[in-house]
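The structure displayed is predicted, hence computed values, not measured ones. For the single chain, residues carry numbers from 1 onward in sequence order.
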Amino acid sequence: MKRRNRPIGPQWLRGILFVLLSAAMGYAITRAVLPINFPDATELAKWVDKYPNYIALTTVIYALPVAVLGAVTGRLWLGGAVTGAAAMALALVNYFKTAINGTPLSLADFGLATQLGEVAGVAGSLTPPEGFWPLAGLVLACVAALVVTRRLTMLRGKGRFFCATLSLAALLALFSPLCAPTVGEVFSVDVYARMPAAHNNSFHGLTIALWRDLVVQDMPAPEGYSEASMQRVLARIDELLAEDEPAQADDGAAVQPNVIMILSEAFFDVTSLPDLTYDADPLANFHALEKEGISGTFYSHYLGYGTGYLEIAMQYGVSNMDFGASTNICFLEDEKYELFSSLPEQYTGSGNYRAEMFHAYNDSLYNRTVTYPLLGYSDLSFSADIQQMGIEWSGSVYGGYYLKDAYMYKGMLQRMEEINASGQRAFLYGITMENHQPFDVEKFGGACQIGVESEVLAPEDLEIAKVMVEGMTRADQALGALVSALRESDEPTVVVFFGDHRPNLFLTDGDTIYTKYGISPSNDMTAWTPEQVAELYSTDYLIWANDAALLQGRTGTEQDSSITAVGPQLLDLTGTPVSRYWGLLQKVSEVCLANGELYFADGESGISASEAAAALTEEQRELLELRAAVVYDAFFGKHYITAAMNEPAGT
């Protein structure tokens, strides 16, 4: 037994072999991960031929933890096994995430790591890609080879300590933002430019993309950043907001209405899709209400996912674009959510309002139990809580896999009545789930209330499309029931109804319905034009009131809006006093409806690839620069004017 565990050869030779086999294991992991990252063999071959330096860096990224674990444990094969398993798991998660919503894994997604089971549960059935298990077998075979050759790489005493120290130092340096620029220069990787996740992954591969997310350099400070410069920013904001004061005084609403905001999961005007024909209007209520309210295109930041990120952007005025790629805006430090007054706090802080949130699922996702109280909500009601409210209802409260929209709305109306009876106004924010993926054919028991036909889709794909249509129909019917109840109410109420993102509806051949109809050229977002991104990153919205006077003469008008514009739009309608911060966001929304990773929409829905590429005037760019300075000062700077931004202009 002792002879079998005895090292073979001198220590210096075993040290060399240890390094070489660590590198070989890192290369083997690299070659196993890449086919999962680039499923198309031709595309992978072109990438490997074009970027050999990226192959080298990816190998280093895997080889170093192999060496560290191997030296620390004294078993190189164990380092290979752990690193290989972790790498294959990351590649598989990336494949699943791309399959669910078309966007690859980014470091910000690790904020949901503890909720992986819940995420998988709402995503539906997931199966590994073809070829995954042979690639996993390759990694396992290499680990077996390290087991067989373990006596040739066995280190002891000072040699093992030296190797562990050196490899650990190299690993820490590799992942240090201080050393990253040097590493990037050696391997020709830009660690300064911020890139959309889809482009980052397509260009660098998953492993380097995640490494870049971690080490990308901090957001640059505004030029000449200082207390004096920020006081000038504050003065300029006051000057710009003062221009609107007369209009705000004239248009301010005399009545404080209840506000009901509805985030309708994956809702959009499905009748806008080509080819599909219906024997009745699946969105009859929504289309009728457009004539009574304000409606239009609603720009989002995502396709098929990202609901929690969108909630923060809508209610707090910041998005992922304001932070580094490694930041998940749902998991900031608690105090970060109190730097600015939120949208609901514009009501609760300046009027007799009570803010409450309703969610048709459980409390496991997106850190809502932490963020929503910090954003000013007095109470949070999730699915189980709503079912304890004593709502009058006959039949099942579930539709598909989740709580019915109509049932949740009845709960919201019940709470509004109770809040009003106590002498307060209600600000209610509801998040639906009935239309949430998966869109498998059994979701609604095979039922589809509206007849649907297609000349393009195969029968099995049409069945999937029918599930989407049924979900939209149910969302529309629930909206109709909500509005009908409010028509009978004497309490003035404004309803804001919008889809957070479109569903990324995959068909049986792996293509999406959008690709099938030519709306997008492929599932690869890096091949999309900015106009195609804007088309698929947009939904529809409606602002309606049970008293037309609350819409200030805008009944039946079309006005494009967005995740970040609808809050200021609502404040403008209700005449609620706003802080400098929300006043600035309102001005910004006039020139920028959406500023996302893959497209930019100006105030007139003009689409560009980015803010830099947009045809903006100097005055329009100044507004964006003022906002950027305010955000930097609050989240990265010295808070020179953060407190003042929460006060009314001119104070």
Show the numbers, then the answer: is there a salt bridge (Lys or Arg N to Asp or Glu O under 4.0 Å) between Glu535 and Arg502? CA-CA 10 Å; Glu535 168 76 13; Arg502 292 195 188 198; 3.6 Å; yes

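Salt bridge status for Glu356 with Arg415: present, with a side-chain N to carboxylate O gap under 4.0 Å. Residues Lys410 and Glu392 are not paired through a salt bridge, judged by the lack of any N-O separation under 4.0 Å between the basic side chain and the carboxylate. The pair Glu434-Lys404 does not count as a salt bridge, with every side-chain nitrogen at least 4.0 angstrom from each carboxylate oxygen. Look at Arg627 and Asp322 and you find a salt bridge, because one of the NZ, NE, NH1 or NH2 atoms lies within 4.0 Å of a carboxylate O, short of that distance. No salt bridge links Glu470 with Lys443; every basic N to acidic carboxylate O contact stays at or beyond 4.0 Å.
A search for ring-ring contact (aromatic ring centres under 6.0 Å, His included) contacts involving Tyr632 returns Tyr225, Phe636, not counting sequence neighbours. A search for ring-ring contact (aromatic ring centres under 6.0 Å, His included) contacts involving Tyr429 returns nothing, not counting sequence neighbours. When the ring-ring contact (aromatic ring centres under 6.0 Å, His included) test is applied to Phe267, the partners found at least two apart in sequence or on another chain are Phe286, Phe497.
In this structure, a donor-acceptor pair under 3.5 Å is absent between the side chains of Asn435 and Glu265. Judged by distance alone, the side chains of Glu590 and Gln586 do bring a donor and an acceptor atom under 3.5 Å apart. Counting only N and O atoms by type, the side chains of Tyr347 and Thr574 include a donor and acceptor under 3.5 Å apart.
Ring centroids of Tyr377 and Tyr372 are separated by less than 6.0 Å, placing the two rings close together. Ring pair Tyr407/Tyr398: centre-to-centre distance not below 6.0 Å. Annotation: Tyr302 is not in aromatic contact with Tyr537 [ring centroid separation under 6.0 Å not met].
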